[in-house]
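Below is one structure, written out as structure tokens, with a few remarks after it.
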Amino acid sequence: MAEKITPRHVDYSRWYTDIVLQAKLADYSPVKGAMVIRPNGYAIWEMIRENLDRMFKESGHVNAYFPLLIPESFMQKEAEHVEGFSPECAIVTIGGGQKLEEPLYIRPTSETIIWAMYKKWIMSYRDLPILINQWANVLRWEMRTRLFLRTSEFLWQEGHTAHATYEEAEEETLKILDIYKKMAEEYLALPVIVGRKTDAEKFAGAEHTYSIEAMMQDRKALQAGTSHNLGQNFAKAFDVQFQDQDGNLQYVYATSWGVSTRLIGALIMAHSDDRGLVLPPRLAQRPVVIVPIWRSAEEKTAVLKYAESVFEELKGQYRVILDDREQYKPGFKFADWELQGIPIRLEIGPRDVEKDALVLVRRDTMEKQFVARKGILQTVTDELQHMQKDMLQRALKFREENTFQVDDYAEFRKIVEGEGGFIESHWCGDAACETRVKEETKATIRNIPFERKKESGKCIVCGKESQGRVVFAKAY
RNA sequence: CGGGGCGUAGCGCAGCCCGGUUAGCGCACCUGCCUUGGGAGCAGGGGGUCGGAGGUUCAAAUCCUCUCGCCCCGACCA
């Protein structure tokens, strides 16, 4: 059989597309720019969703659902917001066979409809805070689309909170960022740089935006989540005031934050290899596959009996696949499950039955080891934990090896135009310098990391004073 | 909007220039046999408005006209 996946070194973006299609994560839809998320892909989203949802609820948030369609007038209330989103909106103008009096926007995000409702619900400080999240689809008309990374319609969660003070809103914004970091590192095994976006890169309508940024295997950056402190911008636009304890009317402070199915793209590009998908164990709904191997009918009986006993032992803890299909040889099954990223494969053949052992293969390292039948549940559990940890460490090491401190613009350009990577350079804070770098190199400031050294230096572009380094990279 | 390319089975393609019986190949799919410790083999089988419409002709996947869709490059936009 021919190779199904273009190797990374041949064509990175084709490799990515091949993985998505061949691992049956998603498929192209009849509508340009949209995609179908297939069961394998949706399973990953479910794992992300279940865990994030739990963390949101543990931190006091509740879920709700706001409608898909937003009156045009709502969209136009917040000036920056309108400007930021108008070009990429789809608008419904006909309903029930008649032209609508007011066009309805298909939500590109829900701030406006939500703040129109918050106006009705918020009267006093006793109504605050409101900590609502919603799981929804949104639509942004995109010219260049790529499966999971940028599609016109995508799934996400969007949190929208309302607070009595700026400080409380800021605290919320940061709390969520922490949850995102946890999701990225502990579940996706994806090390991220936490920081603040520059004004040029912030959300349209926000006071400021924070993000988590990850490095992909082609050394490009991918924004994996954002959290915005919206200040009083939306409260003012929608006239949402509350009466404080002293009886004074004040505008409400807001936040919003989201992660999307783009995380699945991040996951693929950070960990997968030329054989196919590599799933971190904590995101695998089915972390183990058992492949029985036999020749004769007697062997088949013995092997299957043995395999079933292993299956029974593991199934209380893990969703296990027992691949007893007759029509495929073991070699085919190995390749098939590797393609789909199943973290651990257990091979069971006549020799293993005899020795009361089995062969365990880790997807990330492809390392084969003989393990004892006894205690297999514990062995699998240990291996899954190690794999989870190793994947994060490996990704972290890769990022560190491809992060450079640069103080000379010529060298900066050489790196960006060459292999690429994250470049930590001084920046004076002037948008003009940021723009110049973007125009000349296509690299942008990913964020201003929280964990940066206080270090005086000179702006990589203009040479003016700078307090610390920011992270530049080409981004998805 | 300009230039170029492509539409033939689920996917990838050949056939077209030079019109001629039932339109073919690889992969995938179905049935059977045989195999099974790294993507097997053999035999049989199902599946097509040849993108669409019109025209030329005894005869069109093939020639002509129109039309629709997609891809690449440029322009535009960021």
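Below, each value reflects all heavy atoms present in this structure, side chains not excepted, and no hydrogens, waters or symmetry copies. Note on naming: letters A, B, ... go to the chains in the order of the sequence lines (proteins, then strands), and numbering restarts at 1 for each one.
With both ends at atom C1', the span from G45(B) to C63(B) equals 37 Å, rounded to whole Å. Distance noted for atom C1' between G52(B) and A60(B): 16 Å (whole Å). Comparing the P positions of G41(B) and C71(B) gives an interatomic distance of 36 Å, to the nearest angstrom. C16(B) and A61(B): their C1' atoms are spaced 7 Å apart (whole Å). Atom C1' of C13(B) sits at a distance of 12 Å from the matching atom of G7(B), rounded to the whole Å. Annotation: U36(B) and G46(B) have their P atoms spaced 31 Å apart (nearest Å). To the nearest whole angstrom, the two P atoms, one in G15(B) and one in A9(B), are 15 Å apart. The gap from the P atom of G54(B) to that of C17(B) amounts to 22 Å, rounded to the nearest Å.
For Glu142(A), the salt bridge (Lys or Arg N to Asp or Glu O under 4.0 Å) test picks out Arg150(A), with sequence neighbours left out. Annotation: side chain to side chain donor-acceptor pair (under 3.5 Å) contacts of Glu338(A) (sequence neighbours excluded): Arg275(A), Arg345(A). Residues forming a ring pair (Phe, Tyr, Trp, His ring centres under 6.0 Å) with Trp156(A) (at least two apart in sequence, or on another chain): Phe154(A). Under the salt bridge (Lys or Arg N to Asp or Glu O under 4.0 Å) criterion, Arg38(A) pairs with no residue at all, not counting sequence neighbours. Evaluation of the ring pair (Phe, Tyr, Trp, His ring centres under 6.0 Å) rule for His81(A) yields Phe85(A), Phe203(A), Phe234(A) as partners, not counting sequence neighbours. With sequence neighbours excluded, the residues forming a ring pair (Phe, Tyr, Trp, His ring centres under 6.0 Å) with Trp135(A) are Trp45(A), listed by chain and number. Residues passing the salt bridge (Lys or Arg N to Asp or Glu O under 4.0 Å) test with Glu419(A), sequence neighbours excluded: Arg219(A). For Trp257(A), the ring pair (Phe, Tyr, Trp, His ring centres under 6.0 Å) partners two or more places apart in sequence, or in a different chain, are Phe56(A), His61(A).
Among pairs with a residue in residues 302-324 of chain A, those fulfilling side chain to side chain donor-acceptor pair (under 3.5 Å) read Gln285(A)-Arg319(A), Ser309(A)-Arg373(A), Glu312(A)-Lys315(A), Glu313(A)-Arg373(A), Tyr318(A)-Thr381(A), Asp323(A)-Arg325(A), Asp323(A)-Trp337(A), at least two apart in sequence or across chains.
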With B for base contact, S for sugar-phosphate-only contact and - for none (protein heavy atoms under 4.0 Å), nucleotides 29-38 of chain B reads S------BBB
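Using cut-offs of 30° and 60° on the angle between ring planes, the pair Tyr409(A) and Phe412(A) is tilted.
The closest side-chain donor-acceptor pair between Ser256(A) and Glu111(A) falls under 3.5 angstrom.
Nucleotide G39(B) holds its C1' atom 12 Å from the CD1 atom of Ile5(A), rounded to whole Å. As rounded to whole Å, 17 Å separates atom P of A78(B) from atom CZ of Phe85(A). Whole-Å rounding puts the Gln327(A) CD to G39(B) P distance at 17 Å. Gln22(A) has its CD atom 13 Å from the C1' atom of G39(B), to the nearest Å.
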N/O contacts under 3.5 Å, protein versus nucleotides 5-13 of chain B?
none

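Remark: Lys220(A) fails to qualify as a cation-pi partner of Tyr12(A) under the 6.0 Å distance and 45° angle criteria applied to the six-membered ring.
Of the two residues near RNA chain B, Lys442(A) and Asp336(A), the one whose nearest nucleotide lies more 5' is Asp336(A).
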Once pairs are restricted to Watson-Crick or G-U wobble with both distances under 3.5 Å, how does RNA chain B read as a dot-bracket string, [ ] for crossings and | for other-strand pairs? ((((((((.[[[[.)....(...]]]].(((((.......))))).....[[[[[..)....]]]]])))))))....
